[in-house]
Amino acid sequence: MSEHKDFLRTIVEEDLASGKYEEVVTRFPPEPNGFPHIGHAKSICINFGIAKAYGGHCNLRMDDTNPTTEDTKYVEALKDAVEWLGFKWEDGVRYTSDYFPKLYDYAVELIKMGEAYVDSLSEEEIREYRGTVTQAGRRSKYAQRSVEENLALFEQMKNGECKEGEHVLRAKIDMGAANMKLRDPLLYRIRHAHHYRAGDVWHVYPMYDFAHCLSDYIEGITHSICTLEFENNRAIYDWVLDTLGLTAHRPYQHEFARLGINYTVMSKRLLLELVKSGKVSGWDDPRLPTIAGYRRRGYTPESIIHFCDSIGVAKANSTVDVAQLEFAIRDDLNTKVPRVMCVLDPLKVTLINYEGSEVLDASYYPEDVPKEGSRALPFSKELYIEREDFSLNPPKDYNRLTLEQPVRLRHAYIITCKEVVKDAEGNIVEIKAEYHADSKSGVDTSGIKVKSAIQWVDAATAKIVEVRLYDRLFQDEAPQSLEDVNPDSLHIIKNALIEPAVILDRPDERFQFERQGYFYADPVDYTDQNPVFNKIVGLKDSWSKKKKIDTPILKPQVKNEQIEGEVSAMSVAEQALFDRYTGELQLNPEVANTLARDAKLSSFYETALGECDSPIGLANIIANEVARELKEKEVRELKFTPMQIAQLVKMIEDETISTKIAKQVFEEMVLCGEDPTHIVEAKGLVQISDPAFILPIIDEVMAKNPDNVEKYRAGNTKLFGFFVGQVLKATEGKANPQVVNALIEEKLKH
RNA sequence: UGGGGUAUCGCCAAGCGGUAAGGCAACGGUUUUUGGUACCGUUAUUCGGGGGUUCGAAUCCCUCUACCCCAUCCA
C-alpha cells in the first residue's frame with residue numbers, strides 16, 4: 001500500500017480515534033448464488049484488509065435470504081476464494097439464514113410499533129402504486145390494518161397458510177419519498193421454497209434491506225462496506241436500525257466503486273451465460289475473471305492482492321486496464337519462478353559439425369533473481385528452435401538467426417546457419433548449422449558477437465507437452481453481451497517440446513518459458529502422459545510492439561465540445577433584487593445573481609446591510625462563505641448572526657484583519673457563534689503589516705529552502721506561492737499577505 | 001425528468017486555500033547470454049466547461065455539461 005489512505009481507512013481511523021468504536025469489525029457478505037470474481041477479491045481485500053490493518057476482525061457471511069437462487073456449491077466456492085487469498089474469518093462462517101428467528105422477532109416488533117404492515121396488493125399493483133421517479137406513489141389501503149390484524153396475518157404467512165404473492169410485509173415509511181427505496185420497502189415475502197440451509201421450516205423470507213442491516217447489527221459490525229449501487233439503500237439501513245432503537249453500537253454503511261476491468265465482464269448474469277452456453281469450459285475456465293479461473297490459470301494470491309491494493313479505493317466508477325493486472329502477476333512471478341526452455345513451434349536444427357552428446361548445467365534463475373538451483377540440460381546434434389527465431393528475409397533490427405547472423409543457443413553454444421532445407425512447397429523444414437566449439441556458455445573464448453540468445457530443446461530428450469495459450473475473452477474493450485466474445489481466445493498447442501527436467505524433476509508448478517511468458521502446470525488436466533501447461537501471461541515484448549509501429553494508427557483527436565445549458569429565468573421578485581444589487585449597490589452580477597436567487601441568502605444579506613454600509617464586502621462573504629453554511633441549514637440553525645458578519649466585514653474594511661484571518665475567524669464563528677471581535681482578541685489575530693517584522697521571516701524561509709530559491713530564479717515562478725505560503729504559515733496567518741507578496745517579490749529578484 | 005452519486009494524464013489514483021504525488025501504459029537511454037528483469041530519464045503551465053470570491057483556487061461560492069445508480073416480492 002502506498003502512503004496515502006483511501007477514504008474508507010480514513011473513516012475507520014477517525015472512528016477509532018474519536019472512540020466511536022473500540023475495535024473495527026467488518027464483514028464480507030456475498031450472496032451464494034454465483035462464483036466469486038476479481039471484483040469480490042477487491043471487496044475481500046478491502047474488508048479483510050482493513051480489519052487486519054486496524055487490529056479488528058472480519059466475518060465471512062453468506063447473505064442467503066433468497067432460497068430460490070442460492071446453493072451450497074457457491075458457499076464452498078466463496079470460502080475457497082477467501083481462503084486461497086490467505087484471509088481468515090472470525091469464528092465460523094456466518095449465515096443470514098441463521099438469524100431468521102431473530103429477524104422475524106424484529107419484524108414483529110416493527111409491526112407492534114405500527115411501523116410495518118402486511119400488504120395484500122398484487123405484485124403489479126405494488127409496482128403501480130410505487131409511482132415513478134418523478135411522481136410520488138400512493139399508499140395501499142391495507143396500510144390501515146390494525147396492529148392485531150397485521151400480527152395475525154404475518155403469523156399466518158410464517159406458518160405457511162398463505163399463497164406466494166398473497167401478502168408481503170412492508171415498512172411504513174413514505175410513499176412520496178424522492179428516494180424510491182423509501183416508498184414503503186418490502187421487508188418479507190412468502191416463499192414456499194426449500195432453503196439449501198434452513199430447510200423447509202420457513203415460509204417467509206426477509207428481503208435484503210431488512211436482513212442486511214440487522215445482520216450487521218447482530219454481529220457487531222462497525223463499518224458495513226458495500227458497493228456504490230447501494231447508496232440509496234443506506235436510507236433504509238439507517239431507518240430500520242434507528243426505528244428499532246438499535247442505536248447503541250450500531251454499524252454504518254459506506255460505499256465504494258466496484259471494480260471493472262476492460263476486455264472482460266464482471267456481471268453475474270453474463271458470467272453465468274458464458275458458463276451455461278459452453279463458451280467457456282466452466283467456472284474455473286482460465287479465461288474467466290473468476291477467482292477459480294485466475295487460480296487455474298496460474299495467478300498467485302499475492303498477485304491478486306497486490307493488484308487490488310494497486311488500484312485504490314474510491315467512489316468514481318472506473319475501468320482498470322487489464323495491463324495493470326498483468327503487471328501484478330509478472331512482477332510477482334519474476335522473482336519466484338524457475339526459467340526453463342520450451343519450443344512452441346519447432347524448427348529442426350542439425351549441427352553438422354557436432355557428434356555425440358553432453359549434459360550442460362544450466363541455472364534455473366537469472367543473475368538478478370536471488371535464488372539458487374540448476375538443472376541438467378542435454379545437448380546433442382539434433383535440436384529444435386522456435387520457427388520465429390530464424391528468418392530468411394530478416395526485418396530491420398532482427399536479432400535472431402539468419403543466413404548471415406549467428407545466434408547463441410541459451411546456456412549452450414553459438415551457431416551459424418549453413419544451409420536451409422525446404423520441402424516441395426518451399427516451406428523451411430530444417431536448418432543445417434555449425435556450432436562453435438569454443439563458444440560454450442560461461443567459457444566462451446570465440447570472440448563471436450551475437451545479438452541474442454534463443455531457447456532450444458534437444459531433439460532426443462525433449463518431452464512433448466500440451467500448451468494452452470489464452471487471449472482476452474472479449475474483443476470489445478467494454479463488452480455488453482456474448483456477441484462480443486473473442487472467437488480466438490484459446491489456442492491449444494498439442495506438440496510443444498520442453499526440456500526434460502521440467503517433466504522429470506518438476507522443480508515447481510509455475511515456470512517462465514524463457515522469452516515467452518509464465519506458465520502453470522494445469523491442476524486439473526495435467527498427467528504424466530499428457531502434461532498440460534497454461535499460459536499465465538506473456539513477457540513484455542518490445543520487439544513485436546516495435547514491428548507494429550510501422551503502421552501507426554492515427555486516432556482522430558476529437559475533443560468533445562462542452563454544451564452550455566440554459567440557466568433558468570429569475571422570478572420577478574428575484575429579478576428586482578438582482579437589479580437593485582447590481583445597480584444601486586454596485587454588486588458584481590455573479591454575486592448579485594447568487595444572492596438574488598436564494599431567499600435565505602438575500603434575507604440574510606438584507607439584515608446584515610442594516611448593520612454595515614459596505615454592500616460589496618458583505619455580499620462577497622455572504623455569497624461565498626455564508627452560502628456554504630446555508631446549503632443544508634436554515635438561517636435560525638446558524639450559530640452566527642448577520643450582525644456578527646457585519647462586524648467581521650468592518651474589521652476587514654478597516655484593515656484590522658486580512659481576508660485570510662477573516663476566514664479563520666469565520667470558521668470559528670460557525671462553530672461557537674462568538675463575536676468576531678472576541679475571537680480576534682482572544683487569539684491575537686491582528687494583522688501584521690510591519691516589514692521589520694516580516695523581513696526576517698522571509699530571510700529564514702529563503703535560507704531554509706535554498707534549492708527553491710534557485711529554482712525560482714531559474715524561472716520557476718510557480719514557486720512564488722510557496723514562499724508566500726511558508727511566510728504566512730510561520731506567522732500563523734497573521735502577516736499581511738499583500739505586504740508579504742511585495743517583500744518576497746523584492747527579495748527574490750536578486 | 002425527482003432523488004442519490006461521480007468527474008484530476010491513455011488507464012487507475014493522491015491532493016481538503018500556498019511547488020499538480022504515486023502506480024500501470026507509452027516513449028527514450030544504460031546494464032543484460034531472456035527483445036525479460038533492474039536502473040535512469042521524458043510524458044498535466046493545468047484539474048469536465050464557464051463565471052465569481054481571494055494576494056493566491058484542483059481545493060471555497062454560483063452555474064452549466066457529461067456519465068453512473070434508483071420505479072425486482074434480487075442482492
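Chain letters run A, B, ... following the sequence lines, proteins first, then strands; residues in each count from 1. This one's a predicted model, so the numbers in the text were calculated from it and none came from an experiment.
When rounded to the nearest whole Å, the span between CD of A:Glu164 and P of B:C73 equals 14 Å. With rounding to whole Å, A:Ile657 atom CD1 is found 14 Å from B:U54 atom C1'. A:Ile616 places its CD1 atom 10 Å from the P atom of B:U53, with the value rounded to the nearest Å. In this structure, A:Asp541 atom CG and B:C27 atom P are separated by 12 Å, rounded to whole Å. A:Arg189 places its CZ atom 9 Å from the C1' atom of B:A75, with the value rounded to the nearest Å.
With a 3.5 Å ceiling on both atom-pair distances, B:U31 lacks any Watson-Crick or G-U wobble partner. If you check B:C24 for Watson-Crick or wobble pairing at under 3.5 angstrom, you find it paired to B:G10. When both pairing distances are held under 3.5 Å, B:C67 makes a Watson-Crick or G-U pair with B:G5. Pair check for B:U53 finds none; no Watson-Crick or G-U wobble contact set falls under 3.5 Å.
Here A:Ser452 lies in heavy-atom contact (under 4.0 Å) with sugar-phosphate atoms only. At a threshold of 4.0 angstrom between heavy atoms, the contacts of A:Asn588 are confined to the sugar-phosphate backbone, with no base atom among them. A:Val567 comes within contact range of the sugar-phosphate backbone alone, with a heavy-atom separation under 4.0 Å but no base atom that close. Residue contacts for A:Glu123: at a heavy-atom cut-off of 4.0 Å it reaches a base atom on one of the strands shown. When heavy atoms are screened at a 4.0 angstrom cut-off, A:His212 is found touching no nucleic acid atom at all.
Proximity of the aromatic rings of A:Tyr237 and A:Phe230 is defined here by a centroid distance below 6.0 angstrom, and this criterion is not met. When ring centroids are compared, A:Phe722 and A:Tyr712 stay outside the 6.0 Å threshold.
The nucleotide whose nearest atom lies closest to any side-chain atom of A:Met180 is, among B:A25, B:C12, B:C70, B:C70. Among the nucleotides B:A25, B:A75, B:G4, the one closest to any side-chain atom of A:Met207 is B:A75. With B:G52, B:A75, B:U34 as the candidates, the nucleotide lying closest to the side chain of A:Val591 is B:G52. For A:Asp331, whose side chain is taken as the heavy atoms from C-beta onward, the closest listed nucleotide among B:A38, B:U19, B:U34 is B:A38. If you check B:G35, B:C11, B:G3 against the side chain of A:Ala178, the one that comes closest is B:G3. Listed nucleotides B:U45, B:U33, B:U54 differ in distance to A:Ser441; the shortest reach to its side chain belongs to B:U33. Counting only heavy atoms from C-beta on, A:Lys660 has its side chain closest to B:C55 among B:A71, B:C55, B:G5. In this structure, the nucleotide among B:U33, B:A71, B:C24 sitting nearest to the side chain of A:Phe327 is B:C24. Residue A:Ala316 has its side chain nearest to B:A13 when only B:A25, B:C61, B:A13 are considered. Between B:U53, B:G3, B:C11, one nucleotide has an atom nearer to the side chain of A:Asn232 than all others, and that is B:G3.
Between A:Thr65 and B:A75, a side-chain N or O to OP1/OP2 separation shorter than 4.0 Å is present. A sub-4.0 Å separation between OP1 or OP2 of B:U54 and a side-chain N or O of A:Asn620 is present. Residue A:Arg515 places at least one side-chain N or O under 4.0 Å from the OP1 or OP2 atom of B:G35.
A:Tyr398 places a side-chain heavy atom less than 4.5 Å from the side chain of A:Trp543.
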Could you write out each protein N or O paired with an N or O of nucleotides 65-67 of chain B at a distance under 3.5 Å?
residue	atom	partner	partner atom	Å
B:U65	O4'	A:Ile563	O	3.3

* Stepwise salt bridge (charged side-chain N to carboxylate O under 4.0 Å, His left out) test for A:Glu388 and A:Arg515 -> CA-CA 12 Å; A:Glu388 273 196 335; A:Arg515 305 210 301 138; over 6 Å; no
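Shown here, B:U54 is classed anti by the O4'-C1'-N9-C4 or O4'-C1'-N1-C2 angle, which is more than 90° from 0.
By the criterion of a centre-to-centre distance under 5.5 Å and near-parallel planes under 30°, the ring of A:Tyr208 forms no stack with the base of B:A75.
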